[in-house]
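Heads up, the thing below is written out as structure tokens.
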Amino acid sequence: MYFPSWLSQLCRGLSRPIGRTTQPTWGSFSRSLALSSQRRIPEFSSFIARTNTCGELRSSHLGQEVTLCGWIQYRRQNIFLVLRDFHGLVQVVIPQDEKTEALRLQYRYLDLRSFQMQYNLRLRSQVVMKMREYLCNLHGFVDIETPTLFKRTPGGAKEFLVPSREPGKFYSLPQSPQQFKQLLMVGGLDRYFQVARCYRDEGSRPDRQPEFTQIDIEMSFVDQTGIQSLIEGLLQYSWPSDKDPLVVPFPSMTFAEALATYGTDKPDTRFGMKIVDITNAFRNTEVRFLQDALSKPQGTVKAMCVREGANYLKRKDIESIRKFAADHFNEEVLPVFLKAKENWNSPVAKFILEKQRLELIRLMEIQEDDVVLLTAGEHKKACSLLGKLRLACADLLEMKGMVLRDPALFSFLWVVDFPLFLPKEENPMELESAHHPFTAPHPGDIHLLYTEPEKVRSQHYDLVLNGTEIGGGSIRIHDAELQHYILATLLKEDVKLLSHLLQALDYGAPPHGGIALGLDRLMCLVTGAPSIRDVIAFPKSFRGHDLMSNAPDSVPPQELKPYHIRVSWPADSAAERSSSSHSHHPES
């Protein structure tokens with residue numbers, strides 16, 4: 001469809017130069033038609049850059065400024081561009097003047113504040129139904145069921161393998177629909193959601209299940225703020241009416257801040273006991289283990305105040321805390337009391353100078369009945385230790401009658417700016433993805449990818465509720481070259497396993513991102529259940545076993561034959577099985 005040149009006289013943005021006229025790429029165009037003072041913003045564009053879809057513009061739009069997002073289908077004579085999206089085509093005429101030589105991509109992001117609603121919800125099924133209804137009613141979302149059989153791909157949790165009848169070939173149950181939903185965005189769908197069944201071979205991890213359910217979402221032409229706004233509206237819309245209404249937007253905290261203040265990337269912000277860096281106050285300490293820590297390049301001294309701890313914590317509690325630090329972190333924890341007679345089992349406490357004690361009181365606003373737990377070491381390790389002790393002390397105090405964590409309070413928190421990579425545990429000289437290998441680096445850190453990749457932050461965000469991660473997502477890499485570099489060079493993965501995704505990105509992918517909410521875990525917290533097993537029908541045991549059907553179970557050799565599989569038992573197991581067989585069947 002041809003639109004007259006007045007429709008694009010002030011075309012302001014292209015994504016990147018077009019190398020081939022036959023290969024589409026994506027772009028965003030903002031244009032003004034004498035700028036109407038009353039511009040209507042359709043529901044369709046609540047979270048992304050566009051105000052209209054391609055093919056939607058008519059003469060009635062004269063006088064309005066519009067923003068379109070889509071793929072550049074054709075280029076002719078460096079004057080005409082045909083922009084397409086899932087809804088249609090529009091021809092753009094680029095003005096031929098000097099200003100157009102420096103075209104850059106421009107976005108205008110909007111949020112969903114006008115679409116947040118409150119409904120009366122009490123049962124889990126109603127919450128799920130309303131969440132689904134909310135997403136369906138957001139114009140442009142498509143509910144698509146992604147496959148549950150795929151192939152093994154690098155990164156992430158361990159996958160379940162499914163044998164096929166082709167010799168030596170297996171399917172894999174997907175850990176999540178991650179690659180599928182990215183391919184949907186490349187294919188032109190603007191928004192996708194699914195109540196998705198996911199599978200991970202990690203049943204032995206605490207409060208995990210080998211099969212679980214996610215509310216999975218992906219969106220094109222969106223940034224982190226748009227996705228967070230969508231999720232806040234979704235939760236506010238579906239929140240049970242017998243609980244206090246949610247207040248949005250949720251607070252946000254960087255990963256570095258969460259670690260330094262709470263010792264974890266999923267802090268419970270319902271109570272205090274924050275970690276404080278007191279390194280400067282103890283530069284000239286006489287306490288030996290503090291001296292040893294500060295003599296190292298990354299040495300720090302950290303402290304945490306347990307309010308009214310002297311009234312609740314007994315000698316055995318202090319000993320238990322110190323033993324935990326020694327056993328699990330190989331670190332010393334020094335309890336400090338203002339009441340000198342109560343420095344139980346802490347002979348080094350007397351070496352804390354009065355000046356240092358007064359500085360502690362000032363920095364941490366310590367009262368007479370408080371207890372300070374003090375430790376030293378490398379920043380991350382010291383913070384992690386105090387983060388564990390913070391929760392342990394909260395458990396101890398609540399067991400003794402103090403109320404710290406109000407069960408009626410739901411404290412949501414966004415944690416952002418995670419590191420893009422982490423050192424591998426088995427080989428710290430190599431890197432692995434902190435989230436998954438498709439997470440986009442922080443725009444301000446891209447230059448570090450080629451020099452100091454371990455310092456790169458990511459566009460990864462987690463949603464935390466009362467100290468539990470209930471969702472996580474990221475803005476994705478949409479550039480094939482960058483994705484290939486991260487996979488092959490930094491993560492040393494076999495890129496052939498992801499050739500389908502790299503090829504799709506190379507065709508021209510929109511910037512896109514998404515998130516997944518753990519539905520089971522969310523319902524567990526909302527209902528106050530002690531475990532996600534209490535909100536799942538037919539849950540598995542801690543080891544991942546179905547106690548009703550006795551799955552997983554062995555399969556007779558003749559049934560494995562069509563799959564070209566033979567089980568090879570270790571010698572001890574084979575002897576044990578043989579003995580068991582003879583005891584039950586003496587005639588054999």
Side-chain angles (χ1 to χ4, degrees), residues 152-159 172 175-176 178-179 200-202 204-205 254-260 263-266 277 279 292-300 302 325-331 375-388 415-462 469 472 474-477 479-499 501-502 505:
R152 292 190 67 238
T153 54
K158 292 182 180 178
E159 299 168 323
S172 176
Q175 306 159 31
S176 74
Q178 178 59 46
Q179 294 176 57
R200 293 179 187 173
D201 190 4
E202 53 182 21
S204 61
R205 296 182 62 181
T254 67
F255 167 83
E257 183 183 357
L259 180 64
T264 177
D265 59 0
K266 40 183 177 291
D277 190 309
T279 304
D292 292 343
L294 292 175
S295 66
K296 299 174 183 177
Q298 304 298 321
T300 62
K302 309 285 185 181
D327 292 347
H328 295 274
F329 286 82
N330 195 29
E331 292 287 348
T375 191
E378 184 270 329
H379 169 76
K380 183 177 180 181
K381 190 175 181 180
C383 288
S384 296
L385 168 57
L386 289 180
K388 295 286 187 183
V415 180
V416 301
D417 289 353
F418 284 79
L420 186 61
F421 306 111
L422 295 173
K424 287 185 177 179
E425 288 189 15
E426 63 275 15
N427 185 1
M429 299 303 295
E430 295 184 359
L431 299 174
E432 63 182 3
S433 297
H435 185 47
H436 58 55
F438 317 116
T439 301
H442 192 287
D445 293 350
I446 289 181
H447 64 286
L448 295 174
L449 280 174
Y450 310 98
T451 54
E452 300 175 286
E454 68 280 358
K455 294 183 179 180
V456 177
R457 294 168 297 165
S458 69
Q459 296 188 66
H460 163 202
Y461 34 85
D462 278 354
E469 177 196 334
S474 67
I475 301 300
R476 323 301 187 189
I477 299 169
D479 180 84
E481 186 177 340
L482 177 59
Q483 182 68 84
H484 188 282
Y485 175 79
I486 287 177
L487 288 170
T489 305
L490 298 182
L491 299 178
K492 297 178 171 50
E493 298 282 6
D494 182 0
V495 293
K496 293 179 181 178
L497 296 174
L498 291 166
S499 59
L501 181 63
L502 290 170
L505 294 178

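Note that the coordinates shown come from a computational prediction; the quantities given were computed from them, not determined experimentally.
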Starting from the C-alpha separation in whole Å, work towards a yes-or-no answer on side chain to side chain donor-acceptor pair (under 3.5 Å) for Gln179 and Thr153.
CA-CA 10 Å; Gln179 294 176 57; Thr153 54; 3.2 Å; yes
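- Applying the salt bridge (Lys or Arg N to Asp or Glu O under 4.0 Å) test to Glu430 and every residue at least two apart in sequence or in another chain returns Lys424.
- In this structure, the side chains of Leu449 and Leu482 come closer than 4.5 Å at one or more pairs of heavy atoms.
- Across every non-hydrogen atom of Cys383 and Ala260, the tightest pair is SG-CA, 4.0 Å.
- In terms of heavy-atom proximity, Pro423 sits nearest to Pro428 at CB-O, 3.6 Å.
- When side chains are defined from C-beta on, Lys380 counts as touching Leu259, because their heavy atoms get closer than 4.5 Å.
- The shortest side-chain heavy-atom distance between Lys388 and Phe329 falls under the 4.5 Å cut-off.
- With contacts defined as side-chain heavy-atom distances shorter than 4.5 Å, the pair Gln178/Arg476 qualifies.
- Side-chain contact check for Gln483 versus Leu502: some heavy-atom pair is nearer than 4.5 Å.
- Between Tyr450 and Tyr485, the distance from one ring center to the other falls under 6.0 angstrom.
- When only modelled atom types and interatomic distance are considered, Asp445 and His447 share no side-chain donor-acceptor pair under 3.5 Å.
- The closest donor-acceptor contact from the side chain of Ser384 to the backbone of Lys381 lies at 3.5 Å or more, if one exists at all.
- A donor-acceptor contact under 3.5 angstrom links the side chains of Glu159 and Ser172, judged on distance only.
- For the residue pair Val495 and His484, the shortest heavy atom distance occurs at CG2-NE2, 3.9 Å.
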Between Leu497 and Arg152, does the side chain to side chain contact (heavy atoms under 4.5 Å, CB included) criterion hold? Intermediate values first, please.
CA-CA 8 Å; Leu497 296 174; Arg152 292 190 67 238; over 6 Å; no
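- The minimum heavy-atom distance between Lys302 and Ala382, with the atom names listed, is CG-CB, 3.8 Å.
- Interatomic distance, CG of Leu490 versus CD of Glu454, reported as 10.0 Å (0.5 Å rounding).
- Heavy-atom minimum distance, Gly299 versus Leu294: O-CD2, 3.8 Å.
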One pair to check against side chain to side chain contact (heavy atoms under 4.5 Å, CB included): Ser433 and Leu491. What are the steps and the verdict?
CA-CA 8 Å; Ser433 297; Leu491 299 178; 3.3 Å; yes
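- The closest side-chain heavy-atom distance from Pro419 to His460 is not below 4.5 Å.
- At least one side-chain heavy atom of Leu487 sits less than 4.5 Å from a side-chain heavy atom of Leu498.
- Here the straight-line distance linking atom NE2 of His435 with atom CG of Leu422 works out to 12.5 Å at 0.5 Å rounding.
- Each of Thr439, Leu431, Val456, Ile477 was checked for a side-chain contact (heavy atoms from CB on, under 4.5 Å) with Ile486, and the lone residue meeting it is Ile477.
- With a 4.5 Å cut-off on side-chain heavy atoms, Ser474 and His436 count as touching.
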Side chain to side chain contact (heavy atoms under 4.5 Å, CB included) between Arg457 and Phe418, worked out
CA-CA 6 Å; Arg457 294 168 297 165; Phe418 284 79; over 6 Å; no
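- When all heavy atoms are compared, the tightest approach of Gly472 to Asp462 is CA-OD1, 3.3 Å.
- No more than 12 heavy-atom neighbours from other residues, nucleotides or ligands sit within 6.0 angstrom of CD on Glu481.
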